[in-house]
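Below: the structure, in structure tokens.
Ligands are counted one by one from 1 in listed order, and the atoms in each one are counted from 1 as well. Computed from a predicted model, the values in this text were never measured in an experiment.
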Amino acid sequence: MSDSRTQFKSKFGIIMASVGSAVGLGNIWRFPYEAGQNGGAAFLIIYIVCVLVLGIPTLMAEMTMGRMTQTNSARAFRKMTQSPVFSKVGYLGVLACVLIMGFYTVVAGWTFEYMWEAVSGTMTDLSAEQFTANFNSFVVSPFRPLFWTILMVVLTHLIILGGVQKGIERAAKWMMPMLFLLLVVLCVYSVMLPGASAGLEFLFKPDFSKITSEVVLSAMGQAFFSLSLGAGVMITYASYFDNDVNIPRTATTVALLDTSVAFLAGILIFPAVFTFGIEPTQGPNLVFVTLPNIFAQLPMGSVLAFAFFLLLALASITSLISLHQVVTAYVAEEFKLSNRKAALVVSCTIAVLAVLCSLSLGVLNDIRVGGLCMFDLMDYVTAKIMMPLGSLLLCLFLGWKVEKSKILNEITNYGTLRWRLAKTFVVMLKYVVPILVALVFINELGLFE
Ligand code: TRP
């Protein structure tokens, strides 16, 4: 933000803010249901490959770009090139962030409903079918979800007004470690459930015949989504980095932590899915209908449920903040608005989109594009098209249009870091990432058949 271009205070704060962006509903809500729909372990393997080969290099690329340009992601590209294509890549990211926030706030709002249910004691002694029926009637109802969604927008808005250091950094520093701990505790319980071995087998024993082009596209989309890539988030965050931040190490740490949280979520969910007879393929409601079964059986279950959904809400907020920050920084710097005004414009836009997305699960469900309702459409278009495409273009740009020495300087902090893979990194940017992403796209379009 031009009026307050502050920097992150500590190294720990930097990692936690980036992890805060990466870790969120993507890990705990989206990962398990995507894995469930795409064959479990088969998906997991492709996912890991995508994180290692595409995710980590792209994360480093975004951080390099952000620190090199020190500005919002839209201007970052314009500052570096006049090419008609590449100078617009930043806008693609800003648009992606707006669309993601549209459905993300809705799901984040659901966590409030579950906190409420935990407190009011309605989350006990029901059968798996009843939990499912309750959830399904909740999401399609026109008012309750909207209320929570709007509350989520307001909370995000208030944190954004707190600024980078006070708001984001302070919030992320203690929420993330707490969430991690609680997940580990719940996993220990989950793997002792009677259906645990079936669940773990589903998640870890691959059936390679299940790998289809759809599975590969989903895994790639999930990797980009979970690491917050291809939308300028890390470009924006890295624009607040100090010159001595070790980019390769920061990126690897963020990717590792993010992937561990997704794994933990899988280990938590699938044993319970198989114990309580829930369909692993049932989609976006998977986590929300599975977890209450676990909590209902635990001693002090409603306390744990409340704590869990609170932390999940907080994890979603740190992700939402990162998305919001990209758009707010863009609006403030491009339209010369104060930070406050820019944030307000963004929050109002999201509120409208989120309300539409939420209603698209109920009363507006008949309005469909390509067979998808608005909620599913925004998820599909962002994760499976815009983020991979944004990443592809960023890598092509850095790999081909920027002098190699500039990139090497940035990634090694002007030679003060010894990083043996620096040259490999450039090769990944130039060839590996673009070719692989392009192949997945081409394959999905069915052009290989
Ligand atoms: N990565 C976050 C999650 O897993 C979501 C997210 C935050 C995101 N910022 C993003 C996704 C930017 C794509 C792009 O919940």
Side-chain angles (χ1 to χ4, degrees), residues 16-35 47 50-51 54-55 58-59 61-63 66 72-74 89-90 92-111 152 156 159-160 168 171-172 175-176 179-180 183 219-238 251 254-255 257-266 284 287 311-330 346 350 378-391 394:
M16 282 301 125
S18 311
V19 174
S21 166
V23 174
L25 294 167
N27 309 62
I28 292 167
W29 159 72
R30 203 174 185 283
F31 175 81
Y33 93 70
E34 285 281 336
Y47 178 73
C50 288
V51 168
L54 304 175
T58 312
L59 192 50
E62 288 211 13
M63 291 183 171
N72 73 67
S73 56
V89 176
L92 182 72
V94 173
L95 181 63
C97 287
V98 174
L99 297 181
I100 294 167
M101 278 189 281
F103 69 89
Y104 204 92
T105 1
V106 174
V107 183
W110 296 346
T111 60
M152 202 52 163
T156 310
I159 300 190
I160 289 287
I168 304 180
M175 292 172 188
M176 290 296 124
L179 178 68
F180 203 86
L183 267 178
M220 177 176 83
Q222 176 59 24
F224 285 114
F225 187 88
S226 194
L227 293 172
S228 304
L229 294 175
V233 166
M234 293 298 165
I235 297 181
T236 305
Y237 269 22
V254 171
L257 288 174
D258 183 73
T259 308
S260 335
V261 176
F263 264 61
L264 285 176
V287 172
L311 290 171
L312 186 54
L314 296 174
S316 325
I317 292 180
T318 53
S319 300
L320 273 171
I321 294 169
S322 73
L323 290 156
H324 200 301
Q325 186 68 21
V326 171
V327 191
T328 302
Y330 162 75
V346 177
I350 302 161
M378 298 227 281
D379 180 304
Y380 189 97
V381 168
T382 49
K384 293 184 183 166
I385 301 174
M386 295 175 85
M387 287 183 244
L389 184 64
S391 304
L394 169 71

- Message: To the nearest 0.5 Å, what is the distance between CG on Leu229 and CG on Leu54?
- Response: 9.5 Å
So what's ligand 1 close to, N/O to N/O, under 3.5 Å?
residue  : atom   : partner : partner atom : Å
ligand 1 : 1 (N)  : Ser21   : O            : 3.3
ligand 1 : 1 (N)  : Ala22   : O            : 3.0
ligand 1 : 1 (N)  : Phe225  : O            : 2.8
ligand 1 : 1 (N)  : Ser226  : O            : 3.1
ligand 1 : 1 (N)  : Ser228  : OG           : 2.9
ligand 1 : 4 (O)  : Ala22   : O            : 2.8
ligand 1 : 4 (O)  : Gly26   : N            : 3.3
ligand 1 : 4 (O)  : Asn27   : OD1          : 3.4
ligand 1 : 9 (N)  : Ser228  : OG           : 3.2
ligand 1 : 9 (N)  : Ser322  : OG           : 3.3
ligand 1 : 15 (O) : Leu25   : N            : 3.2
ligand 1 : 15 (O) : Gly26   : N            : 2.7
ligand 1 : 15 (O) : Tyr104  : OH           : 2.4

- Task: Applying ring-ring contact (aromatic ring centres under 6.0 Å, His included), name anything that partners Phe103, two or more places apart in sequence or on another chain.
- Result: Phe375
- Query: Would you say the side-chain atoms of Ser391 and Thr58 include a donor-acceptor pair closer than 3.5 Å?
  - Reply: no
- Atom pair CG (Leu227) and CD (Gln222), whose distance is rounded to the nearest 0.5 Å: 9.0 Å
- Query: Quick one: which of Phe224, Phe31, Phe263 gives a ring-ring contact (aromatic ring centres under 6.0 Å, His included) with Tyr47?
  - Reply: Phe31
- Item | Interatomic spacing from CE in Met387 to OG in Ser228 - rounded to 0.5 Å | 8.5 Å
